[in-house]
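What follows is a single structure, written as structure tokens, with notes after it.
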4 protein chains.
Amino acid sequence: MDAIFEATIQLLTRPGAENLTTTRVAERAGVSVGTLYQYFPNKQALIYALNARYLEALAERIEATCRAQEGQTAKNMLKALIDTYWQAKTERPEVTRALYRSVADLDNTALIETFAHRVDAATTAMFSSASDTEFANLAEVNLTLVTVIFGTVRNAFERGLDTDAADGLHGQLLLMCEAYLSALANA
Amino acid sequence: MDAIFEATIQLLTRPGAENLTTTRVAERAGVSVGTLYQYFPNKQALIYALNARYLEALAERIEATCRAQEGQTAKNMLKALIDTYWQAKTERPEVTRALYRSVADLDNTALIETFAHRVDAATTAMFSSASDTEFANLAEVNLTLVTVIFGTVRNAFERGLDTDAADGLHGQLLLMCEAYLSALANA
Amino acid sequence: MDAIFEATIQLLTRPGAENLTTTRVAERAGVSVGTLYQYFPNKQALIYALNARYLEALAERIEATCRAQEGQTAKNMLKALIDTYWQAKTERPEVTRALYRSVADLDNTALIETFAHRVDAATTAMFSSASDTEFANLAEVNLTLVTVIFGTVRNAFERGLDTDAADGLHGQLLLMCEAYLSALANA
Amino acid sequence: MDAIFEATIQLLTRPGAENLTTTRVAERAGVSVGTLYQYFPNKQALIYALNARYLEALAERIEATCRAQEGQTAKNMLKALIDTYWQAKTERPEVTRALYRSVADLDNTALIETFAHRVDAATTAMFSSASDTEFANLAEVNLTLVTVIFGTVRNAFERGLDTDAADGLHGQLLLMCEAYLSALANA
DNA sequence: AATGAATGAGGCTTCATTCAT
DNA sequence: TATGAATGAAGCCTCATTCAT
């Protein structure tokens, strides 16, 4: 089953516009189509599971980061959160891009929702433990930070920024989020 | 041709992902497939053109906003930019969502690039005319603002935020961007 | 109408597998499809007419040769007939090949028959006027000669013989036909 | 796969030129289109393979004849070669005709070349073993004979000769070829 | 008489899925 | 449980032909 996932990613990643077919996935995974259909009732389920697995791993990573930052300053938390997410999305950019694309013909609402809940819970817990800050409206602040960070990374991908520009943006994003927190504190 | 675009959007909008067939588009547009193919060499070209048209209109709108803000304060500019983009994306949310999705099996790099260039030019020109601020590194600041704003809106869409949450986020985004500019000024 | 014929030949001749479409023929001929359909009731009629025209010209050429050989020796006649046909088929080989191909989806029986009748009449008349030979069974001999000569040329085309081989074959064909006539005389 | 070939021939044979569609072939062969496409990547490949198979069988037949004539007199060889080819092309005339036609939208150069090489090799070997003749320029003589024989048969088909005329021509062709060999010997 | 946009039947091909082995 | 040949619905696209202007 991991072989199937790997094969799917490889095909999704491949530049050639050769579409992702179940036969091709099975072939590359070294199993028969029949076997593939033993694991996944249909093609959508495969792509769905692939994304679920990816988001699961991503959520875990974020949760780990959040746990590790328990009790730190808000600034440190921010940096850790941004760095983790940025790193996760950037280390295998083609995979990131491929998954972004694969999701198009999928109703991934549930997936996103689950992921969002987990992340929101983790980051909310983290921020509420900040040693130096008390958040008046944590829910809204948290939503804002998470949405801005995740959205910015995605948009950076879409623009196809080169490494320099991406690094610069990474730094500026941190700056901006810090400024946001400062502004909230002074309000 | 406008009828064809409209039909495409309608089908893209309709639930049931894979409804977009050239035959169906033609049918709904009230023309024959042959006619459709007289305007667009193939299906991809149709989707491409649809997105081009959309981004064209969006760019124009942003440019208009930028022109109108010439010489204003940076804060006003920020608000105008965010409001315009938010409004543009929000007024027909299903269309926005549909186009986001439609782009998946398309090489829209060129499209994005053209759009980005136009927007960057317009916002850069706007910010450089700010009556109250001098930007040390306008290019980077501009890229940051644009990427953050656009990315946040997209992510908000993906999360399927309800109106209240969205409105709140909208406000917080403005706040954050303002805080960013203030922080830059005080640096 | 000549422009249309010319355009058809050009498209038929072109290497690209681009198929012969009425629209393309009209375009290249510098007229509208509508006009093309004023001259030819349908596509087949066009191709038919093109072949008719070609065979007409070829028949005329053969008839002229035959008339010119009236009263000559059989050997001279043979040489003149072979040379004329060979020359006619060889001077624009792509055209020859294109027409051979174009005929595939056509019922050209009538065309061939008409052509065959004309040629048979001409060659029969010629051979019967030979100063040095009396043919016991002129009809059969004539059919044999004509079929062999025409068939050989066609087969030479199909094999794609190079110039040297083709020239050699041309000479040998003459030799063979002469030997045939001699053999008949000695029988 | 044989069923598919048979179906193709049947459809090719049927009057009404343009009957050959992949769907129809599959239907008549009693398989699904999908299956057809498992054997042949596309329609052209099917027609190509059909011709390849036909020429393969024809070549084998000619080779067998040539082997059987090893050491015979040249006259006997000639007769055997002509009879074999004539017979092969004549026993199922509609098939012959259909294949001649089918080849029109095909690049069959390679096919013809392979066939020609095989036949040339076989007939050359045969003629060089003739008990009663030494050929000064075997290559040229062989090419001439083969081209003349094959071409004549094809042309006879095109003319749609009735049985009597065809039989007569068959005899005369043999006569002519024999005369050719005699002439060469006396030169 | 000429135009050429519009038509739409129908061809080729793909690919998710099944099921007998 | 694994296989993979077979299926066939359905998509994309072409192109001969028409007809309003």
Side-chain angles (χ1 to χ4, degrees), chain A residues 1 3-4 8 11 17-27 29-47 105, chain B residues 1 3-4 11 18-27 29-47 105, chain C residues 1 3-4 8 11 17-27 29-47 105, chain D residues 1 3-4 11 18-27 29-47 105:
Chain A
M1 232 184 77
I4 295 176
T8 309
L11 287 175
E18 296 139 18
N19 283 316
L20 189 78
T21 72
T22 51
T23 309
R24 256 187 306 247
V25 169
E27 196 176 5
V31 300
S32 69
V33 225
T35 300
L36 187 155
Y37 273 85
Q38 213 113 26
Y39 288 104
F40 306 98
N42 53 50
K43 191 187 169 188
Q44 289 230 357
L46 165 62
I47 299 179
D105 31 34
Chain B
M1 233 181 76
I4 295 176
L11 288 173
E18 285 323 287
N19 272 117
L20 196 76
T21 75
T22 51
T23 313
R24 219 120 54 189
V25 169
E27 199 174 5
V31 299
S32 67
V33 225
T35 299
L36 188 155
Y37 276 87
Q38 213 130 30
Y39 288 105
F40 306 98
N42 52 51
K43 193 188 169 187
Q44 287 228 0
L46 165 62
I47 301 179
D105 30 35
Chain C
M1 232 183 74
I4 295 177
T8 308
L11 287 175
E18 297 140 17
N19 283 317
L20 189 77
T21 72
T22 51
T23 309
R24 248 173 330 234
V25 169
E27 196 176 7
V31 300
S32 68
V33 224
T35 300
L36 187 155
Y37 273 85
Q38 213 111 27
Y39 289 103
F40 305 98
N42 53 50
K43 191 187 169 187
Q44 289 230 358
L46 164 62
I47 299 178
D105 31 36
Chain D
M1 231 182 78
I4 295 176
L11 288 173
E18 284 325 287
N19 272 115
L20 196 75
T21 76
T22 52
T23 312
R24 218 119 54 187
V25 169
E27 199 174 5
V31 300
S32 67
V33 226
T35 298
L36 188 155
Y37 275 88
Q38 214 131 27
Y39 288 105
F40 306 98
N42 52 51
K43 193 188 168 187
Q44 288 228 0
L46 165 62
I47 301 178
D105 31 34

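Residue numbers start from 1 in every chain, and the chains themselves are labelled A, B, ... in the order their sequence lines are given, proteins ahead of strands.
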Atom [atom1] of [X] and atom [atom2] of [N]: how far apart are they, to the nearest Å?
X: B:Asn42; N: E:dT13; atom1: CG; atom2: P; result: 17 Å
X: D:Phe40; N: F:dA5; atom1: CZ; atom2: P; result: 15 Å
X: D:Glu27; N: E:dG10; atom1: CD; atom2: P; result: 14 Å
X: B:Leu46; N: F:dC13; atom1: CG; atom2: P; result: 10 Å
X: A:Asp105; N: E:dC15; atom1: CG; atom2: C1'; result: 14 Å
X: C:Leu36; N: F:dT18; atom1: CG; atom2: C1'; result: 14 Å
X: A:Asn19; N: F:dC12; atom1: CG; atom2: P; result: 12 Å
X: C:Leu20; N: F:dA16; atom1: CG; atom2: P; result: 7 Å

Would you say E:dG11 has OP1 or OP2 under 4.0 Å from some side-chain N or O of D:Arg24?
->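 It does, given that an N or O in the side chain of D:Arg24 lies less than 4.0 Å from OP1 or OP2 of E:dG11.
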Establish, with yes or no, whether the OP1 or OP2 oxygen of F:dC19 is under 4.0 angstrom from a side-chain nitrogen or oxygen of C:Tyr37.
->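 For C:Tyr37, the contact criterion (side-chain N or O under 4.0 Å from OP1 or OP2 of F:dC19) is not met.
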From the list [options], which nucleotide is the closest neighbour of the side chain of [X]?
X: A:Ser32; options: E:dT17, F:dG4, F:dT17; answer: F:dG4
X: D:Val31; options: E:dT17, F:dT17, F:dT7; answer: F:dT7
X: D:Thr35; options: F:dT7, E:dT13, E:dT3; answer: F:dT7

Are side-chain heavy atoms of [X] and [Y] found at a separation under 4.5 Å?
X: D:Tyr37; Y: D:Thr22; result: yes
X: C:Val25; Y: C:Lys43; result: no
X: A:Tyr39; Y: A:Val31; result: no

Please give the nucleotide sitting opposite [N] as a Watson-Crick or G-U wobble pair, both distances under 3.5 Å, or none.
N: E:dA1; answer: none
N: E:dA20; answer: F:dT3
N: E:dA9; answer: F:dT14

So what does C:Thr22 touch, heavy atoms closer than 4.0 Å: a base, only the sugar-phosphate, or nothing?
->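 The residue C:Thr22 makes base contact.
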Residue whose nearest DNA chain F nucleotide is more 5′ - A:Gly34 or B:Val33 =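 Comparing both residues, the 5'-ward one is A:Gly34.
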DNA chain F: 5'-proximal contact among D:Gln38 and C:Lys43 (nearest heavy atom) =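 The residue closer to the strand's 5' end, by nearest nucleotide, is D:Gln38.
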Considering all heavy atoms, the nearest B:Ala26-B:Leu36 contact =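 Heavy atoms only, the tightest pair is N-CD1, 3.9 Å.
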Which heavy atom in A:Ala3 sits nearest to a heavy atom in A:Ala29, and how many Å separate them?
->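 Closest heavy-atom pair between A:Ala3 and A:Ala29: O-CB, 3.6 Å.
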Given that D:Thr23 and B:Gly30 both sit by DNA chain E, which one's nearest nucleotide is further toward the 5' end?
->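 Looking at DNA chain E, the more 5' nearest nucleotide goes with B:Gly30.
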